Amino acid sequence: MIRTRFAPSPTGYLHIGGVRTALFNYLFAKKHGGQFILRIDDTDRQRNVAEALQPILDGLRWLGINWDEGPETGGQYAPYYQSQRTGKYQAAVDELLRRGAAYRDFAAPEEIQAERDTALNEKKTYTYSRTWAAQNDDDVKKFEAEGRQSVVRLKMPRSGSLIIHDLIRGDVEFQWADEQDHVIQRADGSFIYHLANVVDDEDFRISHVIRAEEHLSNTPRQIFMIQALGYRLPEYAHLPFVAEPGSKTKLSKRKLDKYLKNKDFSKLMTHGKSIAGRIGLEITDDNFNPVITDFYEQVGYLPEAVVNAMALVGWALDDKTEFFFMPDLIEHFSLAGVTKGAASFDPAKLFAFQEKHFVTKTAEEKYELCKPFLEKGNLTIPSKPFLLKLIEAAGDRIKVAGDILDFADFFMPDEALPYNEADVAKRFTPESLPLLQEFAARLERQDDWSSAALEALMQQFLDEKQIKANQVIHTLRVAVTGKSTGLGMFETLALLGKERVRRRIERAVALKTPQEQTS
RNA sequence: GGCCCCGUCGUCUAGCGGUUAGGACACGGCCCUUUCAAGGCCGCGGCACGGGUUCGAUUCCCGUCGGGGUCACCA
């Protein structure tokens, strides 16, 4: 039975790199009809776990990366929180001690540091002298009498080597002599991650450990424990990590300022901020950052777009297929398709996937996705038929659900419509204004207010006047929408309706020539 | 610094001894066009370097260089 796991720490946010790791674990398990387990690595008990965990659970659910066992869903190997499994860890430490694979060490941190410094000065590989290692109960009594505190260390081999058969990297050899006597239990009795990790993977029957590359160097000490304890050795697959845009350094949420210098990253952020600003979202580095999954949910990205984009960071099916939904990924995923080199997170490509996925949505689906943004934006929500028509007219101009806010002009009170001064200055000229007013008069007499009829009306007007469309359309657009860019002109008019078009044109003309109006 | 991993267009990648080195995103140009967006077409652009092995290396081996990870009583 294939069982994989994702083991986040409750940090308060779901890192986009973590998403990729979780996704690959999920895909691999599902592909082989196995289970995907979510385990919470909260051995550091300082934090408020529940609060710091929620964004991670929500993020995974939003993306559709559902776990078969773990927090909230439970499972036969519960609990899935490391903080609740200390009894098992203690038993494992005792067993390691009993089998002579670990020892109680009474060295003070300064004493260890001194040995390290000496080795460094002599340019030698540091190896602990085990001077304060307790060999027996008498040693323990003696050291304790000195008032020393102890930690438990692994008694690592000092010769020979270990070969890890990594499913992605092939065989990797480590010399035992290079390994340290790592601490597995702290002086305060709490346990170190590596010990907990090994115990849990055994307990949960994890068959494949699929994790980021940074753990490769940690694997020997874990395998040492696995062997010492007589556990089953899982298969290992060390994924390339998700790197910064345009660099090979690990992506970190703390380097936001640096990433903002990247054009594509900055574009994503600017776009997101413009939406966030309009829905009154308080923006901080912790909750609003393209390195964090929340960002995408908050501005209205599609989870399938994020999944599609992240699936291709370090994995490819072939030389042409790139557009995937989750079921496709499950069908096609394989560790053989995972690349070895660090792969940069590409904000532009993620955005491109968003576009590709969003256009596949029907107007009805887009309506459901967009509506919440109007609510959050405190806007008067127009009728569903109107919104549906607007969404259809907007077409692919709405790229993320939050973009609906760009079209608020269409349902805001006519008196509140803002005018872009530069556009007004450019389009309201002594030549264009009379034409605008003349066409407005014709609109006044027009009864068929369909987009096609309006276009015909315009064409007739142009023919009669012997003028070109751009001599009047731009002015009309600014008069009716306040700016020079937007939907098709006639769709705009049709959407707005006769009454509102008249009011807007009147107001625009009045704004442009206040003196004439008042005198 | 020790150990380990990695190295194909700017980015993500296909390639698994013989290819005009393919695709996607981004970028540039053209077309379409009432603006914007989309779309269509074209273009720019890559095997880190040096030795081998071989009839033949992007591909296999070694070295160099470069990038990264890890060396905690963090996970």
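Note that this is a predicted model, so its numbers are computed, not measured.
Of the candidate nucleotides B/A75, B/G68, B/C5, B/C5 has the atom nearest to the side chain of A/E213. Across B/A26, B/U35, B/C73, the shortest atom-to-atom separation from the side chain of A/K263 is found for B/A26. Distance from the side chain of A/R116 is smallest to B/A72 among B/A72, B/G69, B/A26. Between B/C25, B/C73, B/A38, one nucleotide has an atom nearer to the side chain of A/P109 than all others, and that is B/C73. Here B/A37 is the nucleotide among B/C25, B/U70, B/A37 with the atom lying nearest to any side-chain atom of A/K399. Residue A/I192 has its side chain nearest to B/C73 when only B/C73, B/C36, B/C12 are considered.
Between A/N197 and A/R5, the side chains place a donor N or O and an acceptor N or O closer than 3.5 Å (distance only, hydrogens not considered). Of the N and O atoms on the side chains of A/D117 and A/Q113, at least one donor lies less than 3.5 Å from an acceptor on the other residue. A donor atom on one side chain and an acceptor atom on the other are not found under 3.5 Å apart for A/R477 and A/T481.
Across all strands shown, A/E214 has heavy atoms under 4.0 Å from sugar-phosphate atoms exclusively, and none from any base. Counting non-hydrogen atoms under 4.0 angstrom, A/V151 reaches a base of the nucleic acid. Residue contacts for A/K426: at a heavy-atom cut-off of 4.0 Å it reaches no nucleic acid atom on any strand shown. Among the heavy atoms of the strands lying under 4.0 Å from A/T249 are primed sugar atoms or P, OP1, OP2 only; no base atom is included. Among the protein residues, A/H194 comes within range of the nucleic acid bases, having at least one heavy atom under 4.0 Å from a base atom. Across all strands shown, A/D396 has heavy atoms under 4.0 Å from base atoms, whether or not it also approaches the sugar-phosphate. Here A/R427 lies out of heavy-atom contact (under 4.0 Å) with every strand. Residue contacts shown for A/N197 are absent, as no nucleic acid heavy atom lies under 4.0 Å away. Residue-level contact check: A/E173 touches the backbone only, with heavy atoms under 4.0 Å from sugar-phosphate atoms and none from bases.
Between the CZ atom of A/F353 and the P atom of B/C25 there is a distance of 9 Å, given to the nearest Å. Atom C1' of nucleotide B/C74 and atom CG of A/L195 are separated by 15 Å, given to the nearest angstrom. Nucleotide B/C12 holds its P atom 12 Å from the CD atom of A/E244, rounded to whole Å. Between A/F345 atom CZ and B/A26 atom P the separation is 14 Å, expressed in whole Å. Distance NE2 (A/H165) to P (B/C5): 14 Å, rounded to an integer number of Å. Rounded to whole angstrom, the span from the NZ atom of A/K267 across to the P atom of B/A37 amounts to 10 Å.
Base pairing analysis places B/C71 opposite B/G1; the two distances defining the Watson-Crick or G-U wobble pair are each below 3.5 Å. Across all strands shown, B/G10 forms a Watson-Crick or G-U wobble pair, both distances under 3.5 Å, with B/C25. If you check B/A48 for Watson-Crick or wobble pairing at under 3.5 angstrom, you find it paired to B/U64. With both pairing distances under 3.5 Å, B/C55 is matched to B/G18 as a Watson-Crick or G-U wobble pair.
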Nucleotide-resolved protein contact map, nucleotides 28-34 of chain B, B/S/- at heavy-atom distance under 4.0 Å: ------B
Where protein sits on nucleotides 57-62 of chain B, one letter per nucleotide: B base, S sugar-phosphate only, - none, heavy atoms under 4.0 Å: ------
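Look at the P atom in both B/A37 and B/A57: the space between them is 49 Å, to the nearest Å. Using C1' as the reference atom, B/G63 and B/G56 are 23 Å apart when rounded to the nearest Å. Atom P of B/G29 sits at a distance of 25 Å from the matching atom of B/C9, rounded to the whole Å. The gap from the P atom of B/G68 to that of B/C12 amounts to 14 Å, rounded to the nearest Å. Comparing the C1' positions of B/A48 and B/A26 gives a spacing of 23 Å, expressed to the nearest Å. Nucleotides B/G17 and B/C25 have their P atoms positioned 30 Å apart, rounded to a whole Å. Nucleotides B/G15 and B/G52 place their C1' atoms 23 Å apart, quoted to the nearest Å. Taking atom P on both B/C65 and B/C49, the two are 16 Å apart, rounded to the nearest angstrom.
Regarding contacts with the backbone of B/C12, every side-chain N or O of A/K349 stays at 4.0 angstrom or more from both OP1 and OP2. Residue A/T43 places at least one side-chain N or O under 4.0 Å from the OP1 or OP2 atom of B/A75. Here A/K483 does not reach the OP1 or OP2 of B/C36: none of its side-chain N or O atoms lies under 4.0 Å away.
Between the CD1 atom of A/I206 and the CD atom of A/E235 there is a distance of 13.5 Å, given to the nearest 0.5 Å. For the atom pair OG1 (A/T4) and CG (A/N25), the distance works out to 4.5 Å, reported to the nearest 0.5 Å. Taken to the nearest 0.5 Å, the CZ atom of A/R104 stands 12.5 Å off from the CZ atom of A/F143.
Side-chain rings of A/Y193 and A/F191 stay apart, their centers remaining 6.0 Å or farther from each other. Aromatic ring centres of A/H357 and A/F325 lie closer together than 6.0 Å.
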Atom pairs under 3.5 Å, N or O on each side, protein against nucleotides 13-15 of chain B: can you list them with distances?
{"from": "B/U13", "atom 1": "OP1", "to": "A/G314", "atom 2": "N", "distance (Å)": "2.7"}
{"from": "B/U13", "atom 1": "OP1", "to": "A/T339", "atom 2": "OG1", "distance (Å)": "3.1"}

Any N/O pairs under 3.5 Å between the protein and nucleotides 43-45 of chain B? List them or say none.
none

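Look at A/E438 and A/K465 and you find a salt bridge, because one of the NZ, NE, NH1 or NH2 atoms lies within 4.0 Å of a carboxylate O, short of that distance. A salt bridge is absent between A/K155 and A/D105: the closest approach of a Lys/Arg side-chain nitrogen to an acidic carboxylate oxygen does not fall below 4.0 angstrom. A salt bridge does not link A/E202 with A/K88: every distance from a Lys NZ or Arg NE/NH1/NH2 to an Asp or Glu carboxylate oxygen is 4.0 Å or more. Here A/D201 pairs with A/R39 in a salt bridge; the nearest charged N to carboxylate O distance falls below 4.0 Å.
Ring planes of A/H182 and A/H194: tilted class, angle from 30 to 60°. Note on ring orientation: taking the six-membered ring where Trp is involved, the planes of A/F351 and A/H271 are perpendicular (angle over 60°, cut-offs 30° and 60°).
Screening residues 478-491 of chain A for salt bridge (charged side-chain N to carboxylate O under 4.0 Å, His left out), with sequence neighbours left out, gives A/D409-A/K483. Residue pairs meeting the salt bridge (charged side-chain N to carboxylate O under 4.0 Å, His left out) criterion with at least one partner in residues 243-253 of chain A, sequence neighbours excluded, are A/E214-A/K250, A/E244-A/K255, A/E244-A/K258, A/K253-A/D286.
For the residue pair A/E213 and A/P240, the shortest heavy atom distance occurs at OE1-CA, 3.6 Å. Of all non-hydrogen atoms in A/Y367 and A/I391, the two that sit nearest each other are CA-CD1, 3.6 Å.
In this structure, A/H215 does not pack face-to-face on the six-membered ring of B/G69, missing the 5.5 Å centre cutoff or the 30° plane limit.
Side-chain atoms of A/R169 and base atoms of B/C5 include no donor and acceptor less than 3.5 Å apart.
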